[in-house]
Chemist: 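Below is a structure I'd like to ask you about.
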Number of protein chains: 2
Amino acid sequence: MIYTEKKIEKILRQRGCKITPQRRAILSAIIHSREHLAPAAIHKKVCQEHPGVGLVTVYRTLEILSELGLICEMHAGGNCRSYMMRRPSGHHHHLICSDCGTVIDFTDCDLGELERRLSKETSFKINGHLLEFLGQCRNCCKETVIR
Amino acid sequence: MIYTEKKIEKILRQRGCKITPQRRAILSAIIHSREHLAPAAIHKKVCQEHPGVGLVTVYRTLEILSELGLICEMHAGGNCRSYMMRRPSGHHHHLICSDCGTVIDFTDCDLGELERRLSKETSFKINGHLLEFLGQCRNCCKETVIR
DNA sequence: TGCTAATTGAAAATCATTTTCATTTATTGG
DNA sequence: CCAATAAATGAAAATGATTTTCAATTAGCA
Ligand SMILES: [Mn+2]
Ligand SMILES: [Mn+2]
Ligand SMILES: [Zn+2]
Ligand SMILES: [Zn+2]
């Protein structure tokens, strides 16, 4: 947990956002979850404590948080849905189990060299990358063997 | 172009698929395109020569081709839509311009070392990865400067 | 040539996300 | 405190991609 809720609220204010109960609730749901949650899941969580908060508001809040780099997105292979997550410590990537959805974060991707080379070769100004490994977690490996 | 249409048809037959005019048309559209096409774009292309082919059939065919590893998917950052593409020579990745959508392929990602380490540390059986760089292509860089 | 399982397309269903719009509310300066 | 006001909210509808359903058609084999 890098930022406290207070700190995040401050950042939001600086951007001209108002701090509403809904935003507090959404923020809290994301901050206090260890998992990577889809918008719908965040909404569900928020509604347990604050019924009536609209899914639309969740989407709008996620957009702002994402824009400010306070949360990041996850892309799983085939079905291409994006999930929002709390950042463990800035820039990081995922190891996703295709069977059960378990996600493990890792931070050291070390793509700087490759990035520099590609940038040079293509004249692209690169400002980010998406890196995710897909496979089977320990448990799902076992199950496959047993079958 | 690694596989000829004939070769691909053979692979499809081996899997128990029938070779229909629709599938031939879809395959041809993908094979003869240098670009990464979304399902809708493939459908459009196919319909120029073969009006009446359903978008549903495009989706169904893409699913099979993807399953067989004959085509692969592309994921752009935020809006998370998946695009299908012809593979230039097997495993490869993308450099995507966030402004105009231009895509450049590259093949040497060199993630083996990282993959091995992660696998060891997490006991995951890793069977693939997703790697995409996002940025601005040469043209879009210029435009930004001019403004 | 005829059989049959696979395939097809239209239409409807799903599902995630966005837009619209009238109503409410957080913030601020008096 | 008390407006004034721009920002935020939620319901509902719109959008857009993808999937499902189902009756009709067809490719491939016997
Ligand atoms: Mn993560
Ligand atoms: Mn490619
Ligand atoms: Zn698993
Ligand atoms: Zn560009």
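Within every chain, numbering begins at 1; the chains are lettered A, B, ... in the order of the sequence lines, protein sequences first and strands thereafter. Predicted, not measured: the structure shown is a model, and the values here were computed from it. Values reported hereafter were calculated over all heavy atoms of this structure, with side chains retained and with hydrogens, waters and symmetry mates removed.
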Chemist: Would you say the side chain of B/E115 lies within less than 4.5 Å of the side chain of B/H129, judging by non-hydrogen atoms?
Modeler: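 The answer is yes, as the side chains (C-beta and beyond) meet within the 4.5 Å cut-off.
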Chemist: Grab the CD-P distance between A/E63 and C/dT17 for me, whole Å please.
Modeler: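 My rounded result for the distance is 12 Å.
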Chemist: Please tell me which of the listed nucleotides, C/dT17, C/dG9, D/dA11, lies nearest to the side chain of A/V56?
Modeler: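 Looking only at side-chain atoms, A/V56 lies closest to D/dA11.
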Chemist: Let me check the geometry of the helix from C/dT1-D/dA30 to C/dG30-D/dC1. What is the bend angle between the axes at its two ends, five pairs each, to 10°?
Modeler: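 Taking the rotation axis at each end, their angle is 30°.
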Chemist: Starting from C1' on C/dA5, measure out to CZ on B/R15 and report it in whole angstrom.
Modeler: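 Roughly 14 Å, once rounded to whole Å.
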Chemist: For B/F106, give me all partners under ring-ring contact (aromatic ring centres under 6.0 Å, His included), at least two apart in sequence or on another chain.
Modeler: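 If we apply the ring-ring contact (aromatic ring centres under 6.0 Å, His included) test to B/F106, skipping adjacent residues, the hits are B/H93, B/F133.
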Chemist: Suppose we screen for side chain to side chain contact (heavy atoms under 4.5 Å, CB included). Which residues come up paired with B/K120, at least two apart in sequence or across chains?
Modeler: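 With neighbours one apart ignored, the set is empty.
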Chemist: My understanding is that only residues two or more places apart in sequence, or in another chain, count here; which of them pass salt bridge (Lys or Arg N to Asp or Glu O under 4.0 Å) with A/E113?
Modeler: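 With sequence neighbours excluded, A/E113 shows a salt bridge (Lys or Arg N to Asp or Glu O under 4.0 Å) to A/R116, given in chain and number order.
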Chemist: Between side-chain atoms of residues 14-23 of chain B and protein atoms elsewhere (two or more places apart, or another chain), which donor-acceptor pairs fall under 3.5 Å?
Modeler:
{"from": "B/R15", "atom 1": "NH2", "to": "B/E67", "atom 2": "OE2", "distance (Å)": "2.8"}
{"from": "B/T20", "atom 1": "OG1", "to": "B/R23", "atom 2": "N", "distance (Å)": "3.1"}
{"from": "B/R23", "atom 1": "NH1", "to": "B/K18", "atom 2": "O", "distance (Å)": "3.0"}

Chemist: Ignoring backbone atoms, establish whether A/Q22 has a side-chain N or O less than 4.0 Å from OP1 or OP2 of C/dT25.
Modeler: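 No, A/Q22 has no side-chain N/O under 4.0 Å of OP1/OP2 on C/dT25.
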Chemist: Which atom pair, heavy atoms only, marks the closest approach of A/C109 to A/L131?
Modeler: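 Closest approach of A/C109 to A/L131: CB-CD2, 3.8 Å.
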Chemist: Check the distance between C/dT7's P and B/R24's CZ and give it to me in whole angstrom.
Modeler: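 Answer to the nearest Å: 14 Å.
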Chemist: If I take atom OH in residue A/Y59 and atom C1' in nucleotide C/dT20, what distance separates them, rounded to the nearest angstrom?
Modeler: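 After rounding, the reported distance stands at 18 Å.
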Chemist: Using whole Å, report how far CG of B/L55 lies from C1' of C/dA10.
Modeler: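 To the nearest whole Å, that distance equals 12 Å.
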Chemist: For B/S123, check side chain to side chain contact (heavy atoms under 4.5 Å, CB included) against everything at least two apart and list the hits.
Modeler: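 Here the qualifying residues are A/R138.
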Chemist: Quick one: list whatever passes side-chain hydrogen bond (donor to acceptor under 3.5 Å, both in side chains) with B/S28, sequence neighbours left out.
Modeler: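 Applying side-chain hydrogen bond (donor to acceptor under 3.5 Å, both in side chains) to B/S28 gives B/H32.
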Chemist: Set out, line by line, the N/O atom pairs under 3.5 Å between protein and nucleotides 27-30 of chain D.
Modeler:
{"from": "D/dA27", "atom 1": "O3'", "to": "B/I19", "atom 2": "O", "distance (Å)": "3.4"}
{"from": "D/dA27", "atom 1": "N3", "to": "B/K18", "atom 2": "NZ", "distance (Å)": "3.0"}
{"from": "D/dG28", "atom 1": "OP1", "to": "B/I19", "atom 2": "N", "distance (Å)": "2.9"}

Chemist: Whole angstrom is fine here: how far is it from CD in A/E9 over to C1' in D/dA8?
Modeler: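 My rounded result for the distance is 15 Å.
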Chemist: Please report the distance, rounded to the nearest Å, between CG in A/L12 and P in C/dA26.
Modeler: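 Those two atoms, CG and P, are 15 Å apart.
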Chemist: With DNA chain C as reference, determine whether B/T57 or B/G16 sits nearer its 5' end, using the nearest nucleotide of each.
Modeler: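 Mapping each residue to its closest nucleotide by heavy atoms, the 5'-most match is B/G16.
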Chemist: Could you check how far CG of A/L62 sits from C1' of D/dA8, rounded to whole Å?
Modeler: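 Going from CG in A/L62 over to C1' in D/dA8 covers 15 Å.
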Chemist: For C/dT7, does either OP1 or OP2 sit under 4.0 Å from a side-chain N or O belonging to B/R23?
Modeler: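 So the side chain of B/R23 is within the cut-off, an N or O lying under 4.0 Å from OP1 or OP2 of C/dT7.
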Chemist: If you only use heavy atoms from C-beta on, which nucleotide in D/dA11, C/dA16, D/dT18 is closest to the side chain of B/P39?
Modeler: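 Nucleotide nearest to B/P39's side chain: D/dT18.
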Chemist: Which residues pass the side-chain hydrogen bond (donor to acceptor under 3.5 Å, both in side chains) test with B/R117, sequence neighbours left out?
Modeler: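 For B/R117, the residues satisfying side-chain hydrogen bond (donor to acceptor under 3.5 Å, both in side chains) (neighbours in sequence not counted) are A/D108, B/E121.
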Chemist: If you check every side-chain atom of A/R60, which of C/dG9, D/dT9, C/dT17 has the closest atom?
Modeler: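 The closest nucleotide is D/dT9.
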